[in-house]
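Have a look at the structure below before the remarks.
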Amino acid sequence: MTVRMVYFAWVRERIGTGEESVEPPANVLTVADLVDWLAETSPAHAGAFENRSRLRAAIDQDFVPLDTPIGRAQEIAIFPPVTGG
Amino acid sequence: MIHISVQQLPIDIAAEMTRAEAAEAGAVATFTGLVRADDGVGTLELEHYPGATEAALLKVAEGAIERWSLSAAIIVHRVGPMHPGERIVFVAATAAHRGAALEACAYLIDRLKTDAPFWKRETRGVEASWVEARDGDHAAAARWDISKG
């Protein structure tokens, strides 16, 4: 399954790209699993995902907790806590 | 009436007020947020999640309209680079009376701060840093969770 990853703010800066396509293995069930798996793929990903408590996520543009199953998600976003307004 | 805008252009208060007053209400409550010059901030840059931002703001506006029976909810948020003193956000709630308009206006800005995917980056001289989320923002948003009788 191909998933489009999108990153924002310092997560984007640390990874070095705002989006990428990934093919997670079958044992990646939740967003947290996906983050763990991605962290193994490069030092930049590992650095961006160093502190899991500072990460937030959205599946197909809906905010979700990190333990949410990814199901048949097409787009998963990983970003820091929001600071608008 | 709901009006949502996520824009690079400066916020035109007069145009937004005209829009709010056209909703035929007895009361219009508004909030305007300006870029602060905290500790020598020279530039503030706003990043957002296109598509998801507009959807999140629409949900906030719909929540306010339903809860306070508003005739209009307006949310305008700027993105991109801006400078101290410039308007970053404008919200308006229009209702028959001031109580509903004032409460709904506070709800719009409190919820926007925690529910919409925006990120602020401050530049001071050559140093740039991402603004950290504040716990107080979550407390402000959470006070609206208590169901209204």
Side-chain angles (χ1 to χ4, degrees), chain A residues 2-22 30-32 34-35 38-39 44-85, chain B residues 4 6 11 31-36 38 44-60 75-80 82 87-91 105-122 128-138 140-141:
Chain A
T2 303
V3 180
R4 197 169 90 98
M5 299 300 305
V6 292
Y7 308 118
F8 295 99
W10 52 256
V11 172
R12 170 180 57 71
E13 286 183 343
R14 289 183 192 177
I15 290 175
T17 183
E19 64 173 89
E20 61 183 338
S21 276
V22 300
T30 66
V31 177
L34 182 63
V35 166
L38 284 166
H45 288 81
F49 300 153
E50 194 175 38
N51 186 347
R52 305 287 199 273
S53 70
R54 298 186 67 207
L55 299 177
R56 301 292 181 269
I59 293 181
D60 293 329
Q61 306 204 344
D62 272 332
F63 284 28
V64 295
L66 261 62
D67 60 1
T68 306
I70 61 175
R72 303 182 66 82
Q74 294 191 312
E75 180 177 288
I76 297 181
I78 308 288
F79 45 82
V82 301
T83 55
Chain B
I4 304 292
V6 178
I11 298 170
F31 172 85
T32 306
L34 307 177
V35 178
R36 280 189 307 266
D38 286 352
L44 183 74
E45 190 154 3
L46 257 288
E47 179 169 328
H48 76 120
Y49 185 174
T53 310
E54 291 82 353
L57 295 179
L58 184 61
K59 210 166 138 189
V60 170
I75 304 178
V76 183
H77 206 299
R78 235 182 124 186
V79 292
M82 55 202 90
R87 298 175 193 123
I88 180 167
V89 63
F90 172 87
V91 302
C105 179
Y107 174 93
L108 290 174
I109 188 63
D110 284 346
R111 282 293 184 180
L112 176 156
K113 280 192 163 273
T114 57
D115 295 7
F118 290 104
W119 299 274
K120 289 189 181 114
R121 193 172 74 143
E122 299 171 333
S129 59
W130 291 95
V131 173
E132 293 282 330
R134 298 167 57 227
D135 290 341
D137 289 341
H138 279 277

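Every chain is numbered from 1, with letters handed out A, B, ... down the list of sequences.
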Inset, instruction - Search all heavy atoms of B:His48 against all heavy atoms of A:Phe8 and return the closest pair with its distance. - result: O-CE2, 3.3 Å

Legend entry - Residue, of B:Ala56, B:Pro117, B:Ser129, B:Gly33, that accumulates the most heavy atom pairs under 4.5 Å with chain A: B:Pro117

Inset, instruction - Could you check if a side-chain atom of B:Trp119 sits within less than 4.5 angstrom of a side-chain atom of B:Val131, using non-hydrogen atoms only? - result: no

Inset, instruction - Using non-hydrogen atoms and a 4.5 Å limit, figure out which bit of B:Asp115 sits close to chain A: side chain, backbone, both or neither. - result: backbone

Legend entry - Derivation and outcome, side-chain contact (heavy atoms from CB on, under 4.5 Å), residues B:Leu57 and B:Phe118: CA-CA 11 Å; B:Leu57 295 179; B:Phe118 290 104; 4.2 Å; yes

Legend entry - B:Arg121: salt bridge (charged side-chain N to carboxylate O under 4.0 Å, His left out) partners, not counting sequence neighbours: A:Glu13, B:Glu45

Inset, instruction - Count the heavy atoms of every other residue, nucleotide or ligand shown that sit under 6.0 Å from CG of B:Asp135, and state whether that count exceeds 12. - result: no

Inset, instruction - Only pairs at least two apart or in different chains count here, so list each salt bridge (charged side-chain N to carboxylate O under 4.0 Å, His left out) that has a residue in residues 73-85 of chain A. - result: A:Arg4-A:Glu75

Inset, instruction - Could you tell me which portion of B:Ala55 (side chain, backbone, both or neither) has an atom closer than 4.5 angstrom to a non-hydrogen atom of chain A? - result: neither

Inset, instruction - Please tell me if the side chains of B:His77 and B:Leu46 come closer than 4.5 Å, counting only heavy atoms from C-beta onward. - result: yes

Inset, instruction - Output the option from B:Lys59, B:Glu132, B:Arg134, B:Arg78 having the highest count of non-hydrogen pairs under 4.5 Å with chain A. - result: B:Glu132

Legend entry - Contacts of residues 77-85 of chain A with chain B (heavy atom under 4.5 Å): A:Ala77, A:Phe79, A:Pro80, A:Pro81, A:Val82, A:Thr83, A:Gly84, A:Gly85

Inset, instruction - Determine which residues belonging to residues 54-69 of chain A lie within contact range of chain B, meaning some heavy atom pair is under 4.5 Å apart, and list them by number or answer 'none'. - result: A:Arg54, A:Ala58, A:Gln61, A:Phe63

Inset, instruction - Mind listing the closest non-hydrogen atom pair of A:Val35 and A:Arg52 along with its distance? - result: CG1-NE, 3.4 Å

Inset, instruction - Compare all side-chain heavy atoms of A:Ile15 with those of A:Met5 and state whether any distance is below 4.5 angstrom. - result: no

Legend entry - Polar side-chain atom of B:Arg87 near backbone of B:Ile11 as donor-acceptor pair, under 3.5 Å: yes

Legend entry - Which atom of A:Glu19 lies closest to which atom of A:Thr17, heavy atoms considered: O-OG1, 3.0 Å

